[in-house]
Structure formats: C-alpha cells, structure tokens
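Comments concern the structure below.
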Amino acid sequence: MIFTVAIDGPAAAGKGTISRAVAQHFGFRHLDTGLLYRAVGVKGGDPVAAARDLGPADLARDDLRTLEAGQAASRVAALPEVRAALVEFQRRFARSEGGAVLDGRDIGTVICPEAEVKLYVTATPEVRAHRRWLELGGDEARVLAEVKERDARDMGRQDAPLKPAEDAVLIDTSDLDIDAAVAAAVTVVKARLAGT
Ligand code: CDP
C-alpha cells in the first residue's frame, strides 16, 4: 500500500510528537525532514555540497536539536539548490511501500502534493516557544524570539514557503495536550484509510 501522511507546520508546533505517534499507530515509517536541513546547517562549508553528500553519520550527530542548529537549518533551507538536492530522497520515502509519515514545512505543498492525508499543525508562538523552552531550557524570551525569527524566514522565503496546503486539515494544538492532538490526527488518518 502506498499511503502518505504529510504533516507541516511552524517550529515546535508538535509535528514531531504527532508524526511519531501516528506512524507507530498505523505501522508506517516516519521521516523528520527537519533533521535533513539541520544536518546541512550544522555541517559547515558549502551547504549545497553538504546537501548533496548527506549521509547517515550527518543525521546521527547529537547537536541537531539545538536552537543554533534550528537557525542554521532555516538559513540553508532558503537556498533552492539545497532544497533541490533533498527532494528526491523525500519523495521516494513518501511513496515507498507500506505507508509513510513525513513532517516538515513543504511536504503537502511541494514534496508530496498527492499525499492521502495532509495535516497542518500549529499553535500560538508563545505556546510553541514555551514547549521548546521546556525541552531545551535557557532564556524563554530568547527562545520566543528565535521561534518568531525562524517562522518569518520559513514563511517569507521564495522557494517552498511554509503555508498550509489548500486541502490540509488544520490542527491547532494551543489548547490540546499531546494525547488530544495525537487523537485528532489519528482520527483524520483513520477516516481516509476507511475511504470516508
Ligand atoms: O522541530 P522544529 O519544528 O523546530 O524544526 P524542524 O522541523 O527541525 O526544521 C528546522 C528548519 O528546517 C525549519 O525552520 C525550516 O527552515 C527547515 N525545514 C524546511 O525548510 N523544510 C522542511 N521540510 C523541514 C524543515
């Protein structure tokens, strides 16, 4: 069975948690596409060459989740050649046998417009920054500033800007706990699998 769940949305909206839970629930494979951009961002040197040569060791680094890696990712993600170098791998993953969940910024709009399910997961910047601060610690005001800066760059870029696909189902997690957010996503996928 070929079945793609595309989950897009801004920084720290809960995409990762929802994606992992949906993949586990349905036995689908999961790809966190943000990690690809983070790995390119932290590698240094020419980002286009880094994107073309990305390997398993780059994705296994333990410094990919930091605020700095997020900022570096969003800078290299604005380069069309970097995005182009990563497209094929993501498309193949999305349409591989057995079902796939991909989370990112452009999965439903660019990588896999034919995805069977498209979700746009969001929350207010303050709620998202608070969640990221609980994960990473540090100064919460700085985390909020970084989240807003990254949102502006991701939504404002020319190539594959962050925006909901026209047929995406919106899930606002501002007032939802993890279980409720996951349940909302699972309900949408179940309905599509049942053909309703
Ligand atoms: O986990 P978080 O939502 O903070 O970020 P992420 O998903 O790891 O993505 C890091 C950065 O990579 C984003 O701010 C985007 O600039 C970029 N990205 C992208 O452009 N396209 C994707 N499909 C995934 C991430």
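Note that the structure is a prediction, hence the values are computed from the model and not measured. Every number for a ligand or one of its atoms is a count from 1 in the order of the listing. Scope of the values below: all heavy atoms of this structure, side chains included, with no hydrogens, waters or symmetry mates.
Between Arg95 and Glu116, at least one side-chain N (NZ, or NE/NH1/NH2) sits under 4.0 Å from a carboxylate O, which counts as a salt bridge. With respect to Lys43 and Asp58, a salt bridge is recorded, a charged nitrogen being found less than 4.0 Å from a carboxylate O. No salt bridge links Glu140 with Arg128; every basic N to acidic carboxylate O contact stays at or beyond 4.0 Å. We find that Asp106 and Arg83 are joined by a salt bridge, their nearest charged nitrogen and carboxylate oxygen being less than 4.0 Å apart. Under 4.0 Å is where a charged nitrogen must lie from a carboxylate oxygen, and between Asp63 and Arg61 at least one such pair does. Comment: Arg150 does not engage Glu146 in a salt bridge, judged by the lack of any side-chain N to carboxylate O separation of less than 4.0 angstrom.
Val143 has its side chain out of reach of Leu136: every pair of non-hydrogen atoms, C-beta onward, lies at least 4.5 Å apart. No side-chain heavy atom of Asp154 sits less than 4.5 Å from a side-chain heavy atom of Pro161.
Residues Leu102 and Tyr37 share a single hydrophobic cluster, defined by chaining ILVMFWY side chains whose heavy atoms lie under 4.5 Å apart.
At under 3.5 Å, not a single nitrogen or oxygen of Gly104, backbone or side chain, sits near a nitrogen or oxygen of ligand 1. The shortest N/O to N/O separation between Tyr37 and ligand 1 does not fall below 3.5 Å. In terms of polar-atom proximity, Arg150 is counted as a contact of ligand 1, with an N or O under 3.5 Å from an N or O of the ligand. The shortest N or O to N or O distance between Asp154 and ligand 1 is below 3.5 Å. Looking at ligand 1, you won't find any N or O of Arg65 less than 3.5 Å from one of its N or O atoms. Note: an N/O pair closer than 3.5 Å links Thr33 and ligand 1 by distance alone.
Residue contacts with ligand 1, taken as heavy atom pairs separated by less than 4.0 Å, do not involve Glu135 at all. Contacts between Ala12 and ligand 1 below 4.0 angstrom, taking non-hydrogen atoms only, involve the backbone exclusively. If you look at Arg153 next to ligand 1, there are no close heavy atoms at all, none under 4.0 Å.
Listed by number with element, the atoms of ligand 1 under 4.0 Å from a non-hydrogen atom of Ala73 are 10 (C), 11 (C), 12 (O). Annotation for ligand 1: atoms under 4.0 Å from non-hydrogen atoms of Ala11 are 3 (O), 4 (O). The distance from ligand 1 to the heavy atoms of Ser74 drops below 4.0 Å at these ligand atoms: 14 (O), 16 (O).
Of the protein's non-hydrogen atoms, Lys15 NZ, 3.0 Å is the one closest to atom 3 (O) of ligand 1. For atom 1 (O) of ligand 1, the nearest protein heavy atom (residue, atom name, distance) is Arg132 NH2, 3.4 Å. Nearest protein heavy-atom neighbour of atom 22 (C) of ligand 1: Arg105 N, 3.4 Å. Annotation: atom 17 (C) of ligand 1 to nearest protein heavy atom, Ala77 CB, 3.7 Å. Looking only at heavy atoms of the protein, atom 8 (O) of ligand 1 is closest to Arg38 NE, 2.6 Å. For atom 21 (N) of ligand 1, the nearest non-hydrogen atom of the protein is Arg83 NH2, 3.0 Å.
Of the listed residues (Ile107, Val117, Ile18, Asp103), just one forms a side chain to side chain contact (heavy atoms under 4.5 Å, CB included) with Val5, and that residue is Val117.
Between the side chain of Arg29 and the backbone N or O of Ala100, no donor-acceptor pair lies under 3.5 Å.
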